[in-house]
Enquirer: 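Before we start, here is the structure in question, set down as structure tokens.
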Number of protein chains: 2
Amino acid sequence: MNKRATLKDVAREAGVTAATVSYVVNNTPGQTVRPETRDRVLAAVAKLNYIPNTHAQTLRSSCIPCVGVVIRKNLAVPRFAQMVFGIQERLEQEGHNALLLGNAVDGRGFTDYVGAYLAGRVSGIIFIGTENMGPDKKSLELLQAERAPLVVFNCQTEGDFYSTVDLDYRGGARLITSRVLARRCRRVLYFRPDADTPQERLREQGVRDAVEGRSDVELIVRSAPIALDSIEVWDARYYAGDTDEGLRLNEVFMESAREALALVEDGDAVIASWSTWTHYFRKAEPTRDIVYAELANNGESWVASDLYTRMPNYDAGVACADEILSLVNGGACCARTIKLANVFEARQP
Amino acid sequence: MNKRATLKDVAREAGVTAATVSYVVNNTPGQTVRPETRDRVLAAVAKLNYIPNTHAQTLRSSCIPCVGVVIRKNLAVPRFAQMVFGIQERLEQEGHNALLLGNAVDGRGFTDYVGAYLAGRVSGIIFIGTENMGPDKKSLELLQAERAPLVVFNCQTEGDFYSTVDLDYRGGARLITSRVLARRCRRVLYFRPDADTPQERLREQGVRDAVEGRSDVELIVRSAPIALDSIEVWDARYYAGDTDEGLRLNEVFMESAREALALVEDGDAVIASWSTWTHYFRKAEPTRDIVYAELANNGESWVASDLYTRMPNYDAGVACADEILSLVNGGACCARTIKLANVFEARQP
DNA sequence: ATGAAAGCGCTAACAC
DNA sequence: GTGTTAGCGCTTTCAT
């Protein structure tokens, strides 16, 4: 809460003017400073723990070392936290920082992140969507009108005035399924949520891709009673703990897992859309000899399914950061799709 | 990347001067504006999507709507992400935002967060420590010298020039243990990491508190082969996935879980320091009839132990935000200890 | 090699 | 009720 040291303070201390201090501190190209003067300035800088005020710099240079990060859902959900960590680290490499922004709407219809952009607080926005939702229409329009650098993650949409980063759900599902088939399972049960999102559609397609033309393999697709609104409940545990609703969902889910298991025999395989589902299956019928695969592990590696794709969340974050930095520097918009090649396969028993 | 609208633009549009616009936009107390003028200004504001530039405001008012958040470890670890979410939401209620800051050290020996404070980017710092580490000595000295608002979380230290927020590990352990004893277990195995941190010491004390004077109960304490450095490995899965080191640690851990289980009989209880350990025990010996308790669930509710304390991470974040806001507003330093009262107890079988 | 001064966008004390 | 102006801390052009 002290007043922090300013250019002037340093200048006074060193017996020079502000301009000279600026030259020294910034190593201004094409400016030469007498070594002795430079030393005096540096000594003063060190003595006063001087660091240039970022707001003043920004005001002058209009270059803002800060990127806004918005999460449609929230940071408590592990996959998003992992992403933001990737964003943070990549930004820091370039001397930028991540500013967490909300998406509440104010009286004027501006979301927090649009407001922050308009207020000049961030040089661009990374929007981390949910399975089925990206930025709202008005925010998109405003950002487009301002020609604001924008990266939208996980929305499986096309945008021509913003960049997109998405995961290759289809390819990942195809990959895991083919690995499952390599284990000579005759029957495969694909167990997915009952939510009609682009992501789940792509996953199912991927599974079907891999089974396509394999007349020796039977594919059964079943849905767990998890629709769009219960996804919220599923995720709420991370900040709200075990709510009644959550526990109820658990029970319903367990029941459907049991029913699904009745459709397979020992030696068959079960592929689950989401991580930790293996846990429910094993709990439902501990003694079954089934190959379990999961399409979306997020670091819950203790719930060892036999096979899983690890979601490249950290890398996705890095990609988003890369992309926004490129846009901020005047780069062209771009659509990236990140492969889900990070497969873990337990040794055969 | 457009030039954003400024006060002057609005003033020109409305046919008034900058001051008038400022009066209207800020509803400056004690300033009266003719309704008609006000309307013209507001219309211009709306037309241009004007929002005052935060850097200019900060420069003038030296009030910085932004708090720095530093995580000794990283955001990918779920308990920290949950905390930061709490911080974010609480700060937003007061019109502040969270700026993620690193703790790398620059050429001058300044950590990122000290640098950000000195540069006037944040009004204060929330430092989220690990089990055994807080801010480094030099950073502390600098922040003290600057009288910077600082909140240190999870370090179980005293500080007189900064505020602390800690969790009541001892009370939490005592609580869970007494709940375990209420189930009439004659023997309790407490299984803890082999790391001598303040937190683990407090937990063991809590367990002992509860058993104290109960001559009918036998307490056995055993350590898992997880020392200070392997905690890192344990946490790395969240951003690095399953490393060889991680898988090896898993195996070693599993072995020690097996050995520990040999010390108890059906009807006894096992209390684990960390969450998800129940999973290993159950996997090691699926058919044992043992009461499992965990001291530190972080939302991994699918790994249902019979009894657990949910870590109040979100609330801890809120508390840290509250505290930093109070300090920024000139409040006195304070030490908060958050109770671990969030107990989940599965119905008796 | 160094200094003086303008101006980035805003607020607030003061003048009219 | 509205305008003028100084100044927050910095960079940079132009003088010296």
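Residue numbers begin at 1 in each chain, while the letters A, B, ... track the order of the sequences. Side chains included, hydrogens not; waters and symmetry mates left out as well; all remaining heavy atoms used.
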Enquirer: To the nearest angstrom, how far is A:L118 atom CG from C:dC10 atom P?
Expert: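 Result: 11 Å.
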Enquirer: Go through residues 40-67 of chain A and report each residue with a non-hydrogen atom lying under 4.0 Å from DNA chain C, sorted by number.
Expert: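 Of all residues in residues 40-67 of chain A, the ones placing a heavy atom under 4.0 Å from DNA chain C are A:L59, A:R60.
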Enquirer: Any idea which of C:dT2, D:dT2, D:dC10 is nearest the A:Y23 side chain?
Expert: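 Comparing C:dT2, D:dT2, D:dC10 against the side chain of A:Y23, the answer is C:dT2.
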Enquirer: Which nucleotide in the list C:dC10, C:dT2, D:dC10 gets nearest to the side chain of B:L7?
Expert: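 Nearest to the side-chain atoms of B:L7, counting from C-beta on, is C:dC10.
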Enquirer: Can you see whether A:R121 engages B:N97 through a side-chain donor-acceptor pair at a distance of less than 3.5 angstrom?
Expert: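 Judged by distance alone, the side chains do pair up.
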Enquirer: What is the separation between atom CG on A:N26 and atom P on D:dT13, rounded to the nearest whole Å?
Expert: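 Taking CG of A:N26 and P of D:dT13, I get 13 Å after rounding.
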Enquirer: Would you say B:T17 reaches D:dG3's phosphate, i.e. side-chain N/O to OP1/OP2 under 4.0 Å?
Expert: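 Result: yes.
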Enquirer: Keeping B:D166 on the side-chain end and B:Q156 on the backbone end, is there a donor-acceptor pair under 3.5 Å?
Expert: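 A pair under 3.5 Å: yes.
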Enquirer: Is a side-chain donor-acceptor pair under 3.5 Å present for A:R38 with A:N27?
Expert: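 A pair is found: one side chain offers a donor N or O, the other an acceptor, under 3.5 Å apart.
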Enquirer: Ignoring hydrogens and geometry, is there a side-chain-to-backbone donor-acceptor pair from B:N26 to B:T28 under 3.5 Å?
Expert: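 Not confirmed, B:N26 side chain does not pair with B:T28 backbone.
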Enquirer: Rounded to whole Å, please give me the gap between CZ in A:R38 and P in C:dT2.
Expert: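 Checked: the CZ to P distance equals 10 Å.
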Enquirer: Of all the nucleotides listed (C:dC10, D:dG9, C:dA4), which has the minimum atom distance to the side chain of A:A19?
Expert: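 Comparing C:dC10, D:dG9, C:dA4 against the side chain of A:A19, the answer is C:dA4.
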Enquirer: Using whole Å, what does the distance between atom P of nucleotide D:dG9 and atom CG of A:D9 come to?
Expert: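 So the CG-P distance, A:D9 to D:dG9, works out to 8 Å.
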Enquirer: Round to the nearest Å and state the distance from A:N27 atom CG to D:dT11 atom P.
Expert: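 After rounding, the gap between these two atoms is 12 Å.
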Enquirer: Which nucleotide in the list D:dG1, D:dT13, C:dG9 gets nearest to the side chain of B:T32?
Expert: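 Within the option list, the nearest is D:dG1.
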Enquirer: Mapping A:K3 and B:R34 to their closest nucleotides on DNA chain D, which lands nearer the 5' end?
Expert: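 By nearest-heavy-atom nucleotide position, the 5'-most residue is B:R34.
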Enquirer: Using a 4.0 Å heavy-atom cut-off across all strands, classify A:S22 as base, sugar-phosphate, or nothing.
Expert: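 Result for A:S22 = base.
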Enquirer: Would you please classify the geometry between the B:F85 ring and the A:Y239 ring as parallel, tilted or perpendicular, with 30° and 60° separating the classes?
Expert: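 Plane angle over 60°, so perpendicular.
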Enquirer: For C:dG3 and A:T20 - does any side-chain N or O of the residue sit under 4.0 Å from the phosphate oxygens OP1/OP2?
Expert: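 So the side chain of A:T20 is within the cut-off, an N or O lying under 4.0 Å from OP1 or OP2 of C:dG3.
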Enquirer: May I ask you to decide if B:H55's main-chain N or O and B:N53's side chain share a donor-acceptor pair within less than 3.5 Å?
Expert: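 Here the side-chain-to-backbone pair exists.
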Enquirer: Whole angstrom is fine here: how far is it from CZ in B:R12 over to P in D:dG3?
Expert: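 For the pair B:R12 CZ and D:dG3 P, the rounded distance is 14 Å.
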Enquirer: List the steps, then state whether side chain to side chain donor-acceptor pair (under 3.5 Å) holds for B:R90 with B:Q93.
Expert: CA-CA 5 Å; B:R90 182 69 187 88; B:Q93 286 172 6; 3.0 Å; yes
Enquirer: Using only side-chain N and O atoms of A:K8, determine if any of them is under 4.0 Å from OP1 or OP2 of D:dG7.
Expert: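 No, A:K8 has no side-chain N/O under 4.0 Å of OP1/OP2 on D:dG7.
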